[in-house]
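Scope of the values below: all heavy atoms of this structure, side chains included, with no hydrogens, waters or symmetry mates. Proteins come first, then strands; the chains are lettered A, B, ... in the order of their sequence lines, and each starts at number 1.
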There are 2 protein chains.
Amino acid sequence: MAPQSSRAGNPRAPGVRDGAVADDALAESAGFADRTGRPMARVRIEDVAAEAGVSMKTVSRVLNEEPNVSEATRERVRAVVERLQYRPHPSARVLAGRKSYLVAMLYDNPSSNYLMEVELGVLDACQAQHYNLMLAPLVYDAKDIVSKVESLVLQSRLDGVVLTPPITDDAALLARLDELEIPWSSISPTESNRRIGVVVDERSAVAEMIAHLVSLGHRRVAHIKGHAAHGASAWRLAGYRDGLAQAGIEPDEALVVQGEFSYDSGFAAANHLLDLPDPPTAIFAANDDMAAGAIGAICERGLSVPRHVSVCGFDDTPIARHIYPTLTTVRQPTREMGRLAGLELLKAIRDRDEGGLVTVPYTLQLRRSTGPRPA
Amino acid sequence: MAPQSSRAGNPRAPGVRDGAVADDALAESAGFADRTGRPMARVRIEDVAAEAGVSMKTVSRVLNEEPNVSEATRERVRAVVERLQYRPHPSARVLAGRKSYLVAMLYDNPSSNYLMEVELGVLDACQAQHYNLMLAPLVYDAKDIVSKVESLVLQSRLDGVVLTPPITDDAALLARLDELEIPWSSISPTESNRRIGVVVDERSAVAEMIAHLVSLGHRRVAHIKGHAAHGASAWRLAGYRDGLAQAGIEPDEALVVQGEFSYDSGFAAANHLLDLPDPPTAIFAANDDMAAGAIGAICERGLSVPRHVSVCGFDDTPIARHIYPTLTTVRQPTREMGRLAGLELLKAIRDRDEGGLVTVPYTLQLRRSTGPRPA
DNA sequence: CTGTTAGCGCTTTCAC
DNA sequence: GTGAAAGCGCTAACAG
């Protein structure tokens with residue numbers, strides 16, 4: 001998961017059946033208008049067929065990479081398509097075919113930077129294959145999410161869906177999607193819900209981060225956990241424990257406090273930690289927003305980061321570079337993750353036996369918020 | 001777009017004809033599947049016509065709010081539509097009609113929180129009227145923006161476009177859109193490019209902000225300007241001057257430095273200001289990111305905000321609440337602005353004589369980054 | 001005020 | 001390997 005950020009304010013949450021679509025056309029200069037500025041008639045499949053001396057159906061076959069076309073014809077058709085700058089009319093395709101060429105990305109916190117990035121990645125994948133992406137922001141509520149998604153899927157004739165945390169782990173929803181035979185691809189699902197999608201080894205990433213803290217001399221390292229409903233919270237907590245164990249540090253449960261991925265929860269959790277009789281010298285927050293909150297709480301007490309307390313987060317959202325001090329955090333290739341999730345989904349849509357789970361690498365971003373343990 | 005996915009690029013940025021689409025369907029519980037989970041056949045306009053005892057065309061008229069239908073028939077058809085939970089097939093509409101039910105939002109910085117919010121608002125408007133939104137991230141480059149947009153518009157048969165700064169002020173583009181008879185709606189355009197869209201009185205907002213600073217005792221108030229290509233930079237600068245004038249403070253050009261809306265530029269600008277022989281006691285940055293950068297620079301020198309220097313920004317992006325100290329800034333109702341821009345555009349699409357410029361109110365968000373002038 | 005007839009541009013049969 | 005015909009679901013055009 002991703003930690004959603006709860007920045008209110010931000011970003012995007014889209015709506016229904018609207019989506020945002022971008023067209024490759026942008027990258028090209030299709031010749032759709034002459035100098036007079038009057039649009040020229042659109043090139044149709046019929047024109048391509050005539051020009052190539054084949055039937056419409058053959059052109060269609062080439063376009064959709066279907067079999068039963070000789071390599072020679074295929075090449076000839078491709079050349080004409082290219083020359084005429086032909087682009088199939090999406091609506092006609094949808095109407096005539098049985099596919100909708102539409103996939104949706106389901107998410108519940110439209111304003112997180114994390115999701116925006118992911119969305120861009122999914123969009124990359126979709127546009128590359130001429131699929132459309134529908135944004136489906138949901139107010140996550142286990143009670144009716146199944147029926148909501150069901151009507152969305154059926155109404156919009158979705159060809160597949162990309163799931164983001166914590167929706168990735170709603171067993172009832174996953175089961176229903178399977179019944180409806182709608183392929184789904186997950187981003188950072190928990191172990192038990194993996195099938196098609198993308199994951200990063202968050203656990204190892206966190207363990208590495210803890211090792212970094214330990215190398216700076218810290219022994220009392222606290223952890224602010226993420227929202228309980230998110231699988232990521234569990235992974236990150238496990239990584240924290242691994243890191244401590246690897247360093248031979250006795251875990252102290254008093255140093256593990258609950259947060260919920262929001263700035264405010266990080267702020268409150270840090271205050272709690274600092275009030276402890278034997279406070280930590282370093283804090284690992286399960287995401288950047290909470291880390292920012294922790295830094296706020298520390299500063300508010302007149303203490304300094306990292307001189308008095310080191311703080312680190314997870315996600316490397318933009319805020320990590322925009323707060324003072326800049327935040328040490330774990331970077332996941334968010335956009336790439338979205339792209340890969342989209343790619344795997346499209347594979348599965350084409351062939352139910354395709355599509356798999358891909359693992360992407362993380363990177364530790366060491367910045368100014370972590371430093372040597374105070375003397 | 002439509003149905004396609006829309007965001008081009010970006011995260012949506014995708015590409016082509018893909019977009020993010022969200023469907024109202026989400027909000028409903030269309031009865032598209034029986035208990036067995038098997039989807040039922042989709043209700044078509046023909047079914048509605050038969051059920052209501054009228055022709056398809058009449059149903060179509062009711063659906064599109066066209067004239068020439070008696071109120072009685074209208075009501076009867078509406079009832080059947082409701083009972084059958086009929087929803088027109090978007091692709092069929094597009095294919096048959098001459099409208100694409102697709103508008104695009106043109107922007108150039110896909111990752112800003114500001115744009116994400118705006119996008120959500122535009123999406124709100126689109127989905128409410130069953131329009132699709134295509135996201136069209138552009139790498140803004142005056143040289144070829146006209147042809148890029150032109151091919152996008154023609155290729156995707158856009159019904160209209162929403163422009164965001166600084167694209168709002170590209171005269172050549174606006175002229176071309178007019179030639180192509182594509183309605184356009186702008187968000188925060190400069191005075192000379194206003195016609196349909198949304199604006200806030202940024203100038204007064206800034207003047208008020210300066211008055212706030214003055215009321216705290218500040219006399220040496222600096223300004224970090226925004227990117228020169230953005231109309232907003234000029235407004236905010238004008239507001240700064242107004243504020244100073246109203247307070248009877250002699251402007252000092254040394255206190256006005258160029259920024260470019262980025263964190264780094266704010267950081268650099270603040271450093272420059274602090275190095276001045278007679279440095280300012282307060283800094284008004286033209287946006288929040290630069291204000292954050294200024295705070296970073298100030299902290300780096302071991303100074304404290306607002307004890308040594310007060311800082312304020314503009315936009316009230318999420319970062320304003322997530323940095324320490326929290327940032328005093330001007331809040332614009334970004335999402336609402338997107339919604340209104342979309343609404344006015346749709347009006348103009350329906351009737352070329354409709355749609356206008358609406359002004360929305362701003363609010364000063366007084367937080368912790370501004371305080372009394374140091375003794 | 002209302003209905004009938006053609007397609008929109010593409011993909012599906014199903015034939016060759 | 002390839003093509004001809006028949007729609008997908010809706011709206012435009014032209015009747016009444």
Compare side-chain N and O positions of [X] against OP1 and OP2 of [N] and report whether any pair is under 4.0 Å apart.
X	N	result
A:Ser70	D:dT2	yes
A:Ser55	D:dA4	no
A:Thr58	D:dG3	yes
A:Thr73	D:dT2	yes

For atom [atom1] of [X] and atom [atom2] of [N], their distance in whole Å:
X	N	atom1	atom2	value
B:Asn68	D:dA13	CG	C1'	14 Å
B:Glu71	C:dC1	CD	P	10 Å
B:Glu66	D:dA12	CD	P	6 Å
A:His89	D:dG9	NE2	P	16 Å
B:Tyr101	D:dG9	OH	C1'	13 Å
B:Asn64	D:dT11	CG	C1'	8 Å
B:Met56	C:dG7	CE	P	15 Å
B:Lys57	D:dG16	NZ	P	18 Å

Can you tell me if B:Arg176 uses its side chain to pair, donor with acceptor, with the backbone of B:Val146 under 3.5 Å?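 Side chain of B:Arg176 to backbone of B:Val146, a donor-acceptor pair under 3.5 Å: no, none is there.
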Tell me which nucleotide among [options] gets nearest to the side chain of [X].
X	options	answer
A:Arg44	D:dG9, C:dC10, D:dA4	C:dC10
B:Arg93	C:dG9, D:dT11, D:dG9	D:dT11
B:Arg61	D:dC14, D:dT11, C:dG9	D:dC14

Test: B:Arg93 cationic atom under 6.0 Å from B:Tyr101 six-membered ring centre, within 45° of axis: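 Yes - B:Arg93 lies over the ring of B:Tyr101, closer than 6.0 Å to its centre and within 45° of its axis.
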Distance between the P atoms of D:dA13 and D:dG9, in whole angstroms?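 My reading of the P atoms in D:dA13 and D:dG9 gives 23 Å.
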Judged by each residue's nearest nucleotide on DNA chain C, which is more toward the 5′ side, A:Leu95 or B:Gly53?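 Closer to the 5' end of DNA chain C: B:Gly53.
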Record whether the side chain of A:Arg87 comes under 3.5 Å of the base of C:dG9 through a donor-acceptor pair of N or O atoms.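 Looking at the base of C:dG9, it does not pair with any donor or acceptor on the side chain of A:Arg87 (distance under 3.5 Å).
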Counting only heavy atoms from other residues, nucleotides and ligands, does the tally under 6.0 Å from CD of B:Glu71 exceed 12?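 Yes.
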Base, sugar-phosphate or nothing for A:Val54? Non-hydrogen atoms, less than 4.0 Å.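 It contacts sugar-phosphate atoms only.
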Between B:Ile45 and A:Arg76, which is nearer to the 5' end of DNA chain D once each is assigned its nearest nucleotide?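 Mapping each residue to its closest nucleotide by heavy atoms, the 5'-most match is A:Arg76.
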Applying salt bridge (charged side-chain N to carboxylate O under 4.0 Å, His left out), run through B:Arg83 and B:Glu51 and close with a yes or a no. CA-CA 10 Å; B:Arg83 183 153 51 75; B:Glu51 190 75 10; 3.4 Å; yes
Note: B:Asp178-B:Arg195 ion pair, threshold 4.0 Å (strictly below):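 Salt bridge: yes.
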